[in-house]
Enquirer: 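Below are the structure tokens for one structure; questions will follow.
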4 protein chains.
Amino acid sequence: MAVSTGERVRRAAVKLFATKGFHGTGIRDLAQAAKLSSASLYHYMGTKEELLAGIMRDCLRRLLDDATDAVDGVADPVERIRRLVTLHVTAHARQPNETRVVDDHIDVLSPRLRREVVQLRDAYERLWSDTIEAGRKEGVFDTGQPAVTRIAVLDMCNGVARWYSPRGALTLRQVADHHVELTLRALGVHTPARCGLANS
Amino acid sequence: MAVSTGERVRRAAVKLFATKGFHGTGIRDLAQAAKLSSASLYHYMGTKEELLAGIMRDCLRRLLDDATDAVDGVADPVERIRRLVTLHVTAHARQPNETRVVDDHIDVLSPRLRREVVQLRDAYERLWSDTIEAGRKEGVFDTGQPAVTRIAVLDMCNGVARWYSPRGALTLRQVADHHVELTLRALGVHTPARCGLANS
Amino acid sequence: MAVSTGERVRRAAVKLFATKGFHGTGIRDLAQAAKLSSASLYHYMGTKEELLAGIMRDCLRRLLDDATDAVDGVADPVERIRRLVTLHVTAHARQPNETRVVDDHIDVLSPRLRREVVQLRDAYERLWSDTIEAGRKEGVFDTGQPAVTRIAVLDMCNGVARWYSPRGALTLRQVADHHVELTLRALGVHTPARCGLANS
Amino acid sequence: MAVSTGERVRRAAVKLFATKGFHGTGIRDLAQAAKLSSASLYHYMGTKEELLAGIMRDCLRRLLDDATDAVDGVADPVERIRRLVTLHVTAHARQPNETRVVDDHIDVLSPRLRREVVQLRDAYERLWSDTIEAGRKEGVFDTGQPAVTRIAVLDMCNGVARWYSPRGALTLRQVADHHVELTLRALGVHTPARCGLANS
DNA sequence: GATGAATGAGCATTCATTCAT
DNA sequence: AATGAATGAATGCTCATTCAT
């Protein structure tokens, strides 16, 4: 199935921004990767910065929507966190470039464009903090520094985008499960099969 | 106590590279921050890239040396990992800019300059993997994916450089201890005071 | 008749390189002479050095082609040398800048770009040495050092580019004829009207 | 025997100006070649341009003095030209760098510094034109364009600096003699041993 | 006599962007 | 929809030169 030119531009941008960084990517690099002249590029984007902001916005919106759906109606904090981690890790493994662009470029945006992106990111992180807080209140999570733990867990899961390969030794399922496990341990959840005993 | 001009250049570079990125930092930004003309800058550095590589090399060398000292003669894997985490977190909290430069810019370096930096980083990470492996062999660590866990723990600890403030709610001691705790949990170490019970 | 912008750039370069030298000509000088911004210049050239190499290559190629045509089918060494000198002097008188650029800048080129230029120059000079050699074999040229004589004659003819003016006392015809005469004398050809007697 | 620092500077400059050109030679190149810091260089020279002018001036002065001595008291135009050519070729073969600097850099000098150099050069060339004129008046030289011939002969002899090597096939004596021969032929002098007959 | 430090001006080249076609 | 042409501003870096030590 053919891909529209605008989509080709966006994909080129995602790949280049992720690997070379926003400032390390020139408009000519983008044009070449999108097989367009640099002038034509401007039919499909505003400025280079708006292109970046658009990518970040869409990626975060999708993540937020998916996460909202995933935990919708789920009350159990353990199950909620399980789903959040799985979704987060899956997204980072499947779209490593998009997620790396999102995770690494917030400071690059000028205030005007940053606002919306930050709002989306905060809304997304609130899903996590709310869940962690709920688990603490219910006594199923045991962590002295919930905010720090949340950041730590997210950083840990973000890292997947930098090393996971579908051709690697681990399946995506295994990686996701492992991070669920790590997260539950970080949150002090007593996973019975594991209390101090066998290797997985 | 006076600071040498060369040191001033390096400090300016550390701050700017950390906050704006290598490609986002111009030679004129550096000059202004170091209170020098851009021409004078070149008395104290080679190229901009060599300046970056020098910063990364020194920071990693210090970290590697300190870590080597810290675990020297310590046999117990739990104690070793405790020290590694404490040192790592402390470095990231005290020199957030240096460590962010190191953590974010390896891909920026050209092959020639990257080599040495990668060697240092690998030597440092080997301290971690060796320790984790030893703990697994002794049966005190319980993790199905030691390599993934190592990366996860390092990413988690690296994050400290992005949010810790000496003027924040937590002392450096508390942050370090918390990350030791998180790490031990990730490694499946049964910390008695915590097996499923009280908040810290 | 209008001149294309690319041609304007090339002409400006020829004039400036000839009069101020390659290193003495800045990109801004070129831009000003070509009535373009220095950035626009780069739509019409690669690097400054490639511009130079292109000029040299084209000039030499034309000279080589013209000389090849001029002596094509001509067997008599005296007539051949007559034509080579006439063509060479004419080219140096009519395009003094191009030829000066060619004659003065071979050492400026980096190896990559020098190769082709040197090949063309050598092919051109081979026309001369082959002709001189043939004349010697036939006994019509009398010179003890044919290689040195060839260089001497070429240097002598090259000089025309530095002083000839269409508004000067001598016509191009006269200058060419005079150099033919000088060359034949250098080659020891006995021009009857002249064996030691009258002024021309 | 030791060479003074000032002399070392001058020699470095001669070599570099000759091979890379004035504009192609940086002050740092000079300093490196003279084994001095670039600041120290300025103890031994004025500006870079004055260094160039000094070299040209001295070289021309020596040439002029030597040539004046060489023809002093010699009346016969043939003998005079013989001596001028021998001296000129010898100088160009023995000091190829100095003479190339002189021959190639007159246009580089600013008016102030150019004046004296041009005067010396003109005085030197007057020795040649006076001699040629005298020969013509006496009927021993036969050339229709004495001025053009003078330039041609000088260009021809200058070329020696670009190819002569003491390790080459020809001795300096042979090269000088050959150029004397070429010059006499150009001036239409009937050298008996040669009138149309054997190879040398 | 020698140099490290310093710099304003300049270098060739690339930047992101616009616009007429 | 697409691009060649164009540019002001900026890029990293080097220039020749000065001066305090």
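Below, chains carry the letters A, B, ... as their sequence lines are ordered, and counting in each starts from 1.
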Enquirer: Enter the distance from A:Ser37:OG to A:His43:NE2 here, rounded to the nearest 0.5 Å.
Expert: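 Separation between the atoms: 8.0 Å.
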Enquirer: Tell me, which of residues 37-51 of chain D have any heavy atom that sits under 4.0 Å from an atom in DNA chain F?
Expert: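 Within this stretch, D:Ala39, D:Tyr42, D:Thr47, D:Lys48 sit under 4.0 Å of the strand.
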Enquirer: If the condition is side-chain contact (heavy atoms from CB on, under 4.5 Å), which residues does B:Ala13 pass it with, not counting sequence neighbours?
Expert: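 B:Ala13 satisfies side-chain contact (heavy atoms from CB on, under 4.5 Å) with B:Phe17, B:Leu30, B:Leu51, B:Ile55 once adjacent residues are dropped.
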Enquirer: Which pair of non-hydrogen atoms, one from C:Arg11 and one from C:Val3, has the smallest distance, and what is that distance?
Expert: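 Shortest heavy-atom contact: NH1-CG2, 3.8 Å.
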Enquirer: Quick check on contacts: within residues 22-34 of chain A, what sits under 4.0 Å from DNA chain E by heavy-atom distance?
Expert: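 A:Thr25, A:Gly26, A:Ile27, A:Arg28, in order of number.
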Enquirer: Taking Watson-Crick (N1-N3 plus N6-O4 or O6-N4) and G-U wobble (N1-O2, O6-N3), each under 3.5 Å, can you produce the dot-bracket string of DNA chain F? Use [ ] for crossing pairs and | for inter-strand ones.
Expert: .||||||||||||||||||||
Enquirer: Taking 5' to 3' order, which nucleotide of DNA chain E is first and which is last to have an atom within less than 4.0 Å of a heavy atom in chain C?
Expert: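 Taking any atom under 4.0 Å from a heavy atom of chain C, the span is E:dC11 to E:dT14.
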Enquirer: Listed by chain and number, what are the salt bridge (Lys or Arg N to Asp or Glu O under 4.0 Å) partners of D:Arg8, not counting sequence neighbours?
Expert: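 With neighbours one apart ignored, the set is empty.
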Enquirer: Look at A:Asp107 together with B:Lys20 and state whether they make a salt bridge at an N to O cut-off of under 4.0 Å.
Expert: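 Salt bridge flag = no for B:Lys20 with A:Asp107.
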Enquirer: Quick one: CG on C:Asn97 to SG on C:Cys59, what's the gap to the nearest 0.5 Å?
Expert: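 Here the interatomic distance stands at 10.5 Å.
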Enquirer: Quick check for you: to the nearest 0.5 Å, what is the distance between B:Thr25 atom OG1 and B:Leu16 atom CG?
Expert: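 Output value for this atom pair is 5.0 Å.
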Enquirer: Looking at D:His23 and D:Lys48, what are the two nearest heavy atoms and their distance?
Expert: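 Shortest heavy-atom contact: CA-NZ, 4.4 Å.
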Enquirer: Please name the pair of heavy atoms, one in B:Ala33 and one in B:Ala12, separated by the smallest distance, quoted to 0.1 Å.
Expert: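 Heavy atoms only, the tightest pair is CB-CB, 3.7 Å.
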Enquirer: Salt bridge check, B:Glu116 against B:Arg121: does any charged N sit closer than 4.0 Å to a carboxylate O?
Expert: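 Looking at B:Arg121 and B:Glu116, the cut-off is not met.
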Enquirer: Measuring from atom CD1 of C:Ile106 to atom CE of C:Met56, what distance do you get when rounded to the nearest 0.5 angstrom?
Expert: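 C:Ile106 CD1 to C:Met56 CE: 4.5 Å, rounded to 0.5 Å.
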Enquirer: Could you check whether A:Arg112 pairs with A:Glu50 (Lys NZ or Arg NE/NH1/NH2 to Asp/Glu carboxylate O, under 4.0 Å)?
Expert: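 Between A:Glu50 and A:Arg112 there is a salt bridge, with a charged N closer than 4.0 Å to a carboxylate O.
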